[in-house]
Amino acid sequence: MNVRRTAAVLAAVAVTGAASAPAALAETPKPSPSVALPSGLYGKADPQFDGVWRQSLAFLAQDTASVRPADKAVDWLTGQQCADGSFAPFRADAAAACGKKTPVDSNSTAAAVQALAALGGHEKTTGKAVGWLKSVQNKDGGWGYNPGGASDTNSTSLVIGALKAAGEDPAGVRKGGKSPFDALDALTVPCTVKDGGGAFAFQPGKSAGGQQPGPLEPNADASAAGVLGSLGKGLAATGGGKDAGGACVEPGAATPKESAAGAADYVEKELTGGTHLMSVMPGAEKKPDFGNTADTVVALAAAGRPDAARKAYGWLEKNAADWARGGGPAAYAQLVLAAHAVGADPRAFGSTDLVGALDAQGPAPESQKDGSAEDAEQDKEKDEDGTSVWWIVGVGLVAGIGVGFLFSSRNKKQGK
């Protein structure tokens, strides 16, 4: 799973009472014969929390490399849509109607819109999805992971990217008189906060008594997402114009571009040695955070900071290949999108061809198929492999840590 979504999904787990932890937290997944993986789905890990997400990221990354995914892979994604236009992370039986208990969310829906819009020819599907996103917009102008949940920077920014991809003007999508940019502004840390002014928080802060509003906690992951959202860009963003730079502008007075510049300032300072972010999961050993570093590369490039973006990308090129091999399609996609953002060749990522490795995670792309017997045999093998599913291990983790940790894991400031 893309690290960007981990805490949002954790929050959803806490609210819904689901028993499993997200794949990003599972260290020893176990096989289960209870569900067969669809042959059109990318990756072999359990798709319960990220099936639509990783499929969408794969399509976006392939599109930047001029690769057309297989029809059955696209059909799988479009087939995941509910009648009201929303998407859940994964529906094992797509023929069954979605109900009140179907765990639809803004992130899966927004990612699917961005991916299908990039492929083209899916206006009906994306139009229904956008309609659903508008219907669950919060009164502050933003979106939470779950419909009705508190707005967060990451989800709001993802939806902004989806709206732009579908040809909508995000500034004109309002609820209660508020636009998505108003929601992001409300999640911006005041400039007076030392070592964090101008950054984005993940969600509204809480007071010592647990009530909102409380102090906003600067967060590097949310700040990288907020840069793209403030600039009205999606996950496949490329280098932007000249950086706005300058002093931090207080929330309420800053333009979206100025907000993006303030968040980019924060993220750049959080890079250890100017090269990478560190994981700060409470109680865990600090180690490089490859996924959020890749997201940061895209954000810095989009914010008009090519030198900083390329330096971080260079670190990924030297260190992230093993992470991608273990992370699957979403990880490969994140690195392809980072390469795209800085104008690098994703087929020459050190000694790794990221595009080829990503393509191999799913059915052979249409642009590479020649109808040969070899292609048919590869598809057959993928179908057979689909009978084994990696399920998530984490019941004890979620039960033990509690709701407070689930939210704080995202709100913690990124360490150096």
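It should be emphasised that the depicted structure is a prediction, and the values quoted were computed from it without experimental measurement.
In this structure, Glu217 contributes its side chain and Gly205 its backbone to no donor-acceptor pair below 3.5 Å. A donor-acceptor pair is defined here as one N or O able to donate and one able to accept, closer than 3.5 Å; no such pair exists between the side chain of Thr156 and the backbone of Thr153. Under a 3.5 Å cut-off, the side chain of Asp50 and the backbone N or O of Trp53 do not form any donor-acceptor pair. A donor-acceptor pair is defined here as one N or O able to donate and one able to accept, closer than 3.5 Å; no such pair exists between the side chain of Arg305 and the backbone of Glu268. A donor-acceptor pair is defined here as one N or O able to donate and one able to accept, closer than 3.5 Å; such a pair exists between the side chain of Asp140 and the backbone of Gly142. Of the possible polar contacts, one joining the Gln55 side chain to the Gly40 backbone as a donor-acceptor pair under 3.5 Å is found.
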Do any side-chain atoms of residues 87-104 form donor-acceptor pairs under 3.5 angstrom with protein atoms, and if so which ones, sequence neighbours left out?
| unit_1 | atom_1 | unit_2 | atom_2 | d |
| --- | --- | --- | --- | --- |
| Arg91 | NE | Gln80 | O | 3.2 |
| Arg91 | NH1 | Ala96 | O | 2.8 |
| Arg91 | NH2 | Gly79 | O | 3.4 |
| Arg91 | NH2 | Gln80 | O | 3.3 |
| Arg91 | NH2 | Gln81 | O | 3.2 |
| Asp93 | OD1 | Ala95 | N | 3.2 |
| Thr102 | OG1 | Gly99 | N | 2.8 |
| Thr102 | OG1 | Gly99 | O | 3.3 |

Pairs under 3.5 angstrom only: tabulate donor-acceptor contacts from the side chains of residues 116-132 to other protein residues two or more places apart or in another chain.
| unit_1 | atom_1 | unit_2 | atom_2 | d |
| --- | --- | --- | --- | --- |
| Thr126 | OG1 | His122 | O | 3.1 |
| Thr126 | OG1 | Glu123 | O | 3.2 |
| Lys128 | NZ | Ala83 | O | 3.2 |

Contacts table for residues 227-237: side-chain donor-acceptor under 3.5 angstrom, sequence neighbours left out:
| unit_1 | atom_1 | unit_2 | atom_2 | d |
| --- | --- | --- | --- | --- |
| Ser230 | OG | Gly226 | O | 2.8 |

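Checked options Leu316, Leu335, Leu277; the residue passing with Phe290 is Leu316 (criterion: side chain to side chain contact (heavy atoms under 4.5 Å, CB included)).
Between the CD atom in Gln334 and the CG atom in Asp295 there is a gap of 5.0 Å [rounded to 0.5 Å]. Separating the OG atom in Ser223 from the OH atom in Tyr266 is a distance of 6.0 Å, to the nearest 0.5 Å.
Summarising the local packing, NZ of Lys178 is surrounded by 12 or fewer heavy atoms from other residues, nucleotides or ligands at distances under 6.0 Å.
Minimum interatomic distance between Thr188 and Phe200 (heavy atoms only, all atoms of both residues): OG1-CE2, 3.2 Å.
Pairs engaging residues 322-344 under the salt bridge (charged side-chain N to carboxylate O under 4.0 Å, His left out) rule: Asp322-Arg325 [sequence neighbours left out].
Partners of Tyr42 according to the side-chain hydrogen bond (donor to acceptor under 3.5 Å, both in side chains) rule, which considers only residues two or more places apart in sequence or in another chain, are Gln62. Contacts of Asp63 classified as side-chain hydrogen bond (donor to acceptor under 3.5 Å, both in side chains), with partners at least two apart in sequence or in another chain: none.
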